[in-house]
Novice: 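Here it is: the structure, laid out below.
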Amino acid sequence: MQILLLASAVVGFGAGYVLGSFQMMILIYAGGVVLTTLVTIPNWPFFNRHPLKWLDPSEAEKHPKPQPQPQPQQPVSSKKKPSKK
């Protein structure tokens, strides 16, 4: 999706720059947005070839998410580094 949008933006900017037309640049970019929308939004069959198997809520309760362990605090020394003269 991002690649199609970036490609249409680059092509639109290039065409708009060469033709000196802001309107042409916006129209080409808008066409790229419409093309990207048509590719990504419909439920295409090839997107569902390998569906994800979600974990059932009852299974999720049996395996709780691990909690991060707090890191022990290191003692802070207040010694100053000796300065070289």
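Start at 1 with the first residue, then count along the sequence. Just the heavy atoms: all of them, side chains too, but no hydrogens, waters or symmetry mates, feed the values below.
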Novice: If you link I, L, V, M, F, W and Y whenever their side-chain heavy atoms are under 4.5 Å apart, who else ends up in the same group as M25?
Specialist: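 Hydrophobic cluster check, M25: joined to F13, F22, I26.
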Novice: Taking distance alone, no hydrogens or angles, what donor-acceptor pairs closer than 3.5 Å link side-chain atoms of residues 28-41 to residues at least two apart or in another chain?
Specialist:
from : atom 1 : to  : atom 2 : distance (Å)
T36  : OG1    : G32 : O      : 2.7
T37  : OG1    : V33 : O      : 2.8
T40  : OG1    : T36 : O      : 2.8

Novice: Cut-off 3.5 Å, no hydrogens considered: what does the side-chain donor-acceptor table look like for residues 3-10, sequence neighbours left out?
Specialist:
from : atom 1 : to : atom 2 : distance (Å)
S8   : OG     : L4 : O      : 3.2
S8   : OG     : L5 : O      : 2.9

Novice: Considering residues at least two apart in sequence or located in another chain, which fulfil the side chain to side chain contact (heavy atoms under 4.5 Å, CB included) criterion with Q23?
Specialist: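 Expected list: S21, L27.
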